[in-house]
Amino acid sequence: MGHRVLAIVLALAGVARAERVTGKLTITDADGKPVSADAIVYVVGPIEAADPKDVPKITQKDRRFVPDLVAVTAGGSVAFPNADSFLHNVFSQSPERKFDLGSFRKGESKDKDFPKPGVVDVYCNIHPEMAATILVLPNRLHTHVKPDGTFEIDRVPPGHWTVVAYTRRAQRPVSAPIQVGAGQDATVNLALVRGAEAEHLNKYGEKYHDAGNTYR
Amino acid sequence: MALLVVAPATAHAGRTFYGWLYGTEVMPERGAEIQTWVSDESDLKDEGHADETSWLVQPAIGITDQLELVLPVDFVWTKVPGAMPPARTALDSYGAEIRYRMVSQDPVDAPPLAPLVRLAVKRLVTERETLQPEGDVVVSYQQDRFHGLVDLGFVGDISQDTQHFEIHPGGGVSIETVPQLRFGAEVFAEIMLDDHAGSDWVVVGPNMAWSHGRSWLSASFGIGVYNIKDAGRLQWGIAF
């Protein structure tokens, strides 16, 4: 009983001391020109369980995944509703999480759980132009970058962590170490270079039959 | 008797790693696959026939992620000693079957032990008043590269005048040696439950399985250990 009380007190104290990480992310193309793209910034180090109520959606609409980049805490799920009037077949061949949701039509939705951290690329077996990425992260300390490039991650516990920024089609994610002190916010600025969409194969490991220059 | 099995590796539509045994995988929802097999039974000690080759074609459709509908059509060549003509080729049967996998197929969520139930009803074309109910209870066990499977099958011929029943027990193991290629062994038997007991037969032999993209194949060459010289089966399929 005493240990439970102590644990609760320590947890509350930890929450109370948790601070904020802020900063700005700049995304450019290979020529250095600024580009607008969805990006996620997250903190690596702390470990947290997933919130079962937090189930991000990737909607299939107009032959696109919307959004095409989401983050989920390891152990959580992502929903894949189909808003198009035709079939889609969502699948992933990423080693971190292989799955095949089969084909489903408008109004139907399927969930998939993601137990292990990693980067999971998701495609449609029918429409090669559809591509999305799911970041499966070890904690809930992640956020989408605002249109102006700024970001805020709340309730970061004090400690020495790493901040990572990720966008699809980036040559590589970027990261920076941060020191979050008790009662002090931390600020970090990051820059990403975005490239072209990599060609992918269908769920059988083959090229799409009608694939032209349709990759976004 | 030896049995040879060729089977596919990762998962699609009713594919099996064995020649004579049903698998525990089914198509994902709205998936479709054409499956087919060729079976050869040689020097069967049966009053009815000595040799038989069967070609079965069956489209499979995923109704849900765990339920599959299959529409088999079976063509058979049979050699009957003393008959005139001594051999015949016929459209033997057609029908419908369902295969229900009782656990998820998701590679993360699926438990190592996966049961599947198969139920089929076929019409025997050359015996117009006979229906052929079939069933299988299949249980597979997967651990890393090892795959083991037990299949208890049942076949009946039912008409107004006669009834005939058989059980088709079998089991096997399959080990992935390199990605997509597996080797193993299996045993399969057909046991009559009535006065056709003299037609029982048992084979044991090696099997192998291979998958490549949307295609897969499995094969088994069964060496006869009772009442038959040999019995092999080659299965393959292609998903759409």
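What you are looking at is a predicted structure, and each value in this text was computed from that prediction instead of being measured.
- Proximity to chain B (any heavy atom under 4.5 Å) is shown, for A/Asn89, by neither the backbone nor the side chain.
- Counting non-hydrogen atoms of other residues, nucleotides and ligands closer than 6.0 Å to NE2 of A/His144 gives a total above 12.
- To the nearest 0.5 angstrom, B/Asp65 atom CG is 9.5 Å from A/Phe104 atom CZ.
- Scanning residues 106-118 of chain B against chain A with a 4.5 Å non-hydrogen threshold yields B/Asp106, B/Pro107, B/Val108, B/Asp109, sorted by number.
- In this structure, the portion of A/Leu87 lying under 4.5 Å from any heavy atom of chain B is its side chain and not its backbone.
- A pairwise comparison of heavy atoms in B/Phe240 and A/Tyr204 identifies O-OH, 3.4 Å as the closest pair.
- Annotation for B/Trp55: atom CH2 does not count as buried by contact number, only 12 or fewer foreign heavy atoms lying within 6.0 Å.
- Neither the backbone nor the side chain of A/Asn125 comes within contact range of chain B; no heavy atom of the residue lies under 4.5 Å from a heavy atom of that chain.
- Look at A/Arg105 and B/Glu29 and you find no salt bridge, because none of the NZ, NE, NH1 or NH2 atoms lies under 4.0 Å from a carboxylate O.
- B/Pro28 approaches A/Lys203 most closely through the heavy-atom pair CG-NZ, 4.1 Å.
- Neither the backbone nor the side chain of A/Lys116 comes within contact range of chain B; no heavy atom of the residue lies under 4.5 Å from a heavy atom of that chain.
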